[in-house]
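Just so you know, ligand 1 is whichever comes first in the structure, and atom 1 is the first atom listed for that ligand. When reading the values below, keep in mind they use all heavy atoms of this one structure, side chains included, and skip hydrogens, waters and symmetry mates.
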Amino acid sequence: MTFPVTRLRRSRKNEALRRLVRETRLAPASLVYPLFVCPGKGVRKEIVSMPGVFNLSVDEALKEAHEAKSLGLGGIILFGLPESKDEQATGAWMDDGIVQQATRAIKKDVKDLVVIADVCLCEYMSHGHCGVVKKSGDQYEILNDPSLEILAKTSVSLAKAGVDIIAPSDMMDGRVAAIREGLDSAGMTNTPILSYAAKFASGFYGPFREAADSAPQFGDRRSYQMDGANRREAMREIAADIEEGADMIMVKPAMPYLDVIAEARQRFDLPLAAYQVSGEYAMLQAAIRNGWLEKERVMMESLLSIRRAGADIILTYFAKEAARLIS
Ligand code: PBG
């Protein structure tokens, strides 16, 4: 060969060299572990479609929080399964709601662990929608503005219980502003908002709806969550949330929307999170359990792809396992 050939393989020849030139790294501190908190004591019920993920009573969730802390995770995010559901989402905002209880227990016992609360109404509404529903005959509408009030009061109640970050995932318009105003007027000016800014209506949330018992009883979420075809609109959603006062933004799901993560990274300077959702976890676990995919490799590769696309923070059900592998 007479022409000069770029020898890209030279720096790949052993792990020590590969490690030195690696462009993207995973750290436990950027991983957030989701927990599903339910009533009772000593409850640890595995979610069928999410092997290794459980509904946990407060005492069990506390154990997980300790483990998350000792693994050096960036934080945990709490979801609640209330004792009962109604059409005002009472379980979301009452002082002794399940997530409020879990937060108090964790904050009292586990120092310096970031506790994030997902703020949404679907787990607490009898109809399973993320906002207030107006129904007439077989027509229904998810009402935007009446939902904002409930979201704001839920956020205040969670912040008072000690939550470090409020993370609204409902996709009502104007909720970041409403929550910010609610928090500020309750004196919680120091509680940041991590907005699920670009949240797509996704088939990959299937297993979560089993975990959080939050499947809509009728219809679907397409009138408030985003259409999966729309990348430019995702940028507008994010810009609007930043305008309204979001401190951090999120794209969700992660792997089917890596292009959206990459563009959001280029356009916005705020800390960017991505959620590797229940269906992403379930499909990997299903193939792993069949022996079709190698667990450690696909778990780390999927997380790395999300980091490489530009996410600073990854919410993932693999958080604990991945943290154990990162050295
Ligand atoms: C609540 C909410 C959902 C998820 C996070 N918050 C479900 C949904 O919108 O249907 C999904 C998380 C996951 O699938 O892991 N609105």
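A cation-pi geometry, defined here as NZ or CZ lying under 6.0 Å from the six-membered ring centre and within 45° of its normal, does not hold between Lys199 and Tyr275. Geometrically, Lys135 engages Phe218 in a cation-pi contact defined by less than 6.0 Å to the ring centre and at most 45° from the axis.
For Asp269, the CG atom sits in a loose shell: 12 or fewer heavy atoms of surrounding residues, nucleotides or ligands are nearer than 6.0 Å. In Lys107, the NZ atom is crowded: over 12 heavy atoms of neighbouring residues, nucleotides or ligands sit closer than 6.0 Å. Within a 6.0 Å sphere centred on CZ of Arg232, other residues, nucleotides and ligands contribute 12 heavy atoms or fewer.
Residue-ligand proximity, Ser278 to ligand 1, at heavy-atom distances under 4.0 Å covers atoms 13 (C), 14 (O), 15 (O). Close contacts of ligand 1 with Cys130, meaning ligand atoms under 4.0 Å from a residue heavy atom, involve 16 (N). Below 4.0 Å from some heavy atom of Phe79 lie the following atoms of ligand 1, by number and element: 5 (C), 6 (N). Atoms of ligand 1 found under 4.0 Å from any heavy atom of Ser169, numbered from 1 in the order shown, are 1 (C), 2 (C), 6 (N), 16 (N). Annotation for ligand 1: atoms under 4.0 Å from non-hydrogen atoms of Cys120 are 1 (C), 16 (N). Residue Tyr275 has at least one heavy-atom neighbour below 4.0 Å for each of these atoms of ligand 1: 12 (C), 15 (O). Residue Cys122 has at least one heavy-atom neighbour below 4.0 Å for each of these atoms of ligand 1: 1 (C), 16 (N).
Contact annotation for Asp170 and ligand 1: no heavy atom of the residue comes within less than 4.0 Å of the ligand. For Tyr281, no heavy-atom contact with ligand 1 is shorter than 4.0 Å.
Among Met50, Met250, Lys252, Glu280, the residue whose heavy atom lies nearest to atom 5 (C) of ligand 1 is Lys252. Atom 2 (C) of ligand 1 has its nearest heavy-atom neighbour, among Glu123, Glu210, Lys199, Arg221, in Lys199.
Each of Ile150, Ile142, Asp145 was scored for a side chain to side chain contact (heavy atoms under 4.5 Å, CB included) with Met172, with one residue passing: Ile142.
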Give every donor-acceptor pair under 3.5 Å between a side-chain atom in residues 45-55 and any protein atom, sequence neighbours left out.
from, atom 1, to, atom 2, distance (Å)
Glu46, OE2, Gly52, N, 2.5
Ser49, OG, Glu210, OE1, 2.6
Asn55, ND2, Ala211, O, 3.0

Can Asp184 and Arg180 be said to form a salt bridge (charged side-chain N to carboxylate O under 4.0 Å, His left out), step by step?
CA-CA 6 Å; Asp184 289 352; Arg180 185 71 271 157; 3.0 Å; yes
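Under the rule for a ring pair (Phe, Tyr, Trp, His ring centres under 6.0 Å), the partners of Phe208 that lie at least two apart in sequence or sit in another chain are Phe36, Phe79.
Residue, atom and distance of the protein heavy atom nearest to atom 12 (C) of ligand 1 are Phe208 CD1, 3.3 Å. Looking at atom 10 (O) of ligand 1, its nearest protein heavy atom turns out to be Arg209 NH2, 2.6 Å.
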